[in-house]
Amino acid sequence: MMKRFLYSIMAITIGLVVYGYEYFLDEKERTSGVEVGKQTKKYTNTFLLPISTTNQMIHHENYSLSYSEPHEQAEWVAYELKKEHLTKTRFNRPYFEVDEAVKTGAAHWRNYKKSGYDRGHLCPAGDRTFSKAAYNETFLTSNISPQRHDFNSGIWNTLEQKVRYWAHKYDGVFVVTGGVLKGEMKTIGTEKVAVPNQFYKILIDNNTDKIKMIAFLFPHENSKKPLHEFVVSVDSIEKLTGIDFFPQLEDTLENRLEASSNYKAWRFN
DNA sequence: CTGATCTTC
DNA sequence: GAAGATCAG
């Protein structure tokens with residue numbers, strides 16, 4: 001009975017995705033001559049970017065990151081998820097590519113091969129479905145961390161979907177995410193890509209005068225607990241990671257927002 | 001949605 | 001190695 005219900009949900013989901021794809025094609029035809037799938041504008045919303053403790057910040061077309069060479073992954077990835085980005089177009093997954101923008105040499109995807117860990121997106125592919133180029137751009141090795149599959153497809157995936165829900169509800173959110181690259185960590189592959197013991201995600205909504213923030217911190221394991229149990233203050237993540245997340249916010253505002261672990265302003269259902 | 005792996009060329 | 005089919009949470 002339960003299984004039948006799940007199958008129904010799945011069928012509906014697939015149906016919506018297919019419909020979305022066809023709608024996208026129609027849109028493309030209607031605006032003939034305009035390259036819908038091509039984003040040429042460089043991603044330069046630097047106002048809300050964290051500092052790079054590794055002195056290697058990289059701006060891609062549709063997200064920015066700070067690469068940590070010793071850990072062979074980003075210490076953070078940041079991007080804006082706008083409401084109009086939520087198109088649900090379905091693209092075929094491309095192959096991961098080494099990010100040539102990383103001067104010190106980004107990790108090769110082979111490090112993850114048969115490691116037992118997922119190539120877990122930091123900027124999710126599902127958040128960049130508004131163009132083929134934007135989607136493919138998330139498949140750079142500078143945008144992934146080794147993640148347990150049960151975690152990635154479990155509570156982490158649940159949070160990513162909640163972020164999309166909030167982006168729709170609050171007309172866009174700014175997202176900063178990464179693994180905590182501190183302490184003793186397992187490594188994978190010949191390049192010794194570190195396996196973080198914790199992952200964080202910070203959201204800020206500055207679309208209204210009442211700016212709001214929320215931060216999540218998870219141990220690197222799946223959980224069936226509700227998301228709100230993983231809410232922490234931004235301050236606590238700054239202490240863990242050594243990263244100053246929103247240095248350009250006015251100080252008293254920054255202090256007040258970052259000290260809070262109050263999530264009442266964010267609807268969870 | 002989040003992914004890996006197997007088959008075929 | 002590339003691309004499609006298949007499988008799993």
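Proteins come first, then strands; the chains are lettered A, B, ... in the order of their sequence lines, and each starts at number 1. The figures here come from the full heavy-atom set of this structure, side chains too, leaving out hydrogens, waters and symmetry mates.
- A:Lys162 is linked by a salt bridge (Lys or Arg N to Asp or Glu O under 4.0 Å) to nothing, counting only residues two or more places apart in sequence or in another chain.
- DNA chain B is contacted by A:His149, A:Asn152, A:Ser153 of residues 142-154 of chain A, taking any non-hydrogen atom closer than 4.0 Å.
- Put simply, CG on A:Asn157 is 13 Å from P on B:dA4, counting in whole angstrom units.
- Partners of A:Arg164 by salt bridge (Lys or Arg N to Asp or Glu O under 4.0 Å), not counting sequence neighbours, listed by chain and number: A:Asp127.
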In residues 133-140 of chain A, what donor-acceptor pairs under 3.5 Å come from side-chain atoms, sequence neighbours left out?
residue, atom, partner, partner atom, Å
A:Glu137, OE1, A:Asn62, N, 2.9
A:Glu137, OE1, A:Asn62, ND2, 3.4
A:Glu137, OE2, A:Glu61, N, 2.8
A:Thr138, OG1, A:His121, NE2, 3.4
A:Thr138, OG1, A:Tyr135, O, 2.8

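- Between the NE2 atom of A:His220 and the C1' atom of B:dT2 there is a distance of 13 Å, rounded to whole Å.
- Atom C1' of nucleotide B:dG3 and atom OH of A:Tyr135 are separated by 11 Å, given to the nearest angstrom.
- Evaluation of the side-chain hydrogen bond (donor to acceptor under 3.5 Å, both in side chains) rule for A:Lys186 yields A:Tyr117 as partners, not counting sequence neighbours.
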Contacts under 3.5 angstrom, residues 187-199 of chain A side chains, donor-acceptor by atom type, not counting sequence neighbours:
residue, atom, partner, partner atom, Å
A:Glu191, OE1, A:His108, N, 2.7
A:Glu191, OE1, A:Asn111, ND2, 2.6
A:Asn197, ND2, A:Glu184, O, 2.8

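- The existence of a salt bridge linking A:Asp171 and A:Lys83 is excluded, since no basic side-chain nitrogen approaches an acidic carboxylate oxygen closer than 4.0 Å.
- To the nearest angstrom, P of B:dT5 lies 13 Å from CZ of A:Phe96.
- One hydrophobic cluster holds both A:Leu257 and A:Val232 under the rule that ILVMFWY side chains link at heavy-atom gaps under 4.5 Å.
- One can place CZ of A:Arg110 at 15 Å from P of B:dA4, the figure rounded to the nearest angstrom.
- One interatomic measurement links the two molecules: CD of A:Gln161 to P of B:dT2, which rounds to 7 Å at whole-angstrom precision.
- For A:Thr141, the side-chain hydrogen bond (donor to acceptor under 3.5 Å, both in side chains) criterion is met by no residue, not counting sequence neighbours.
- Annotation for A:Met185: hydrophobic cluster partners, listed by chain and number, are A:Leu181 (ILVMFWY side-chain heavy atoms under 4.5 Å, direct or chained).
- Side-chain N/O atoms of A:Arg119 include one lying less than 4.0 angstrom from OP1 or OP2 on B:dA4.
- At least one side-chain nitrogen or oxygen of A:Arg93 sits closer than 4.0 Å to the OP1 or OP2 atom of B:dG3.
- Close approach of DNA chain C to chain A, defined as any atom under 4.0 Å from a non-hydrogen atom of the protein, starts and stops at C:dG1 to C:dG9.
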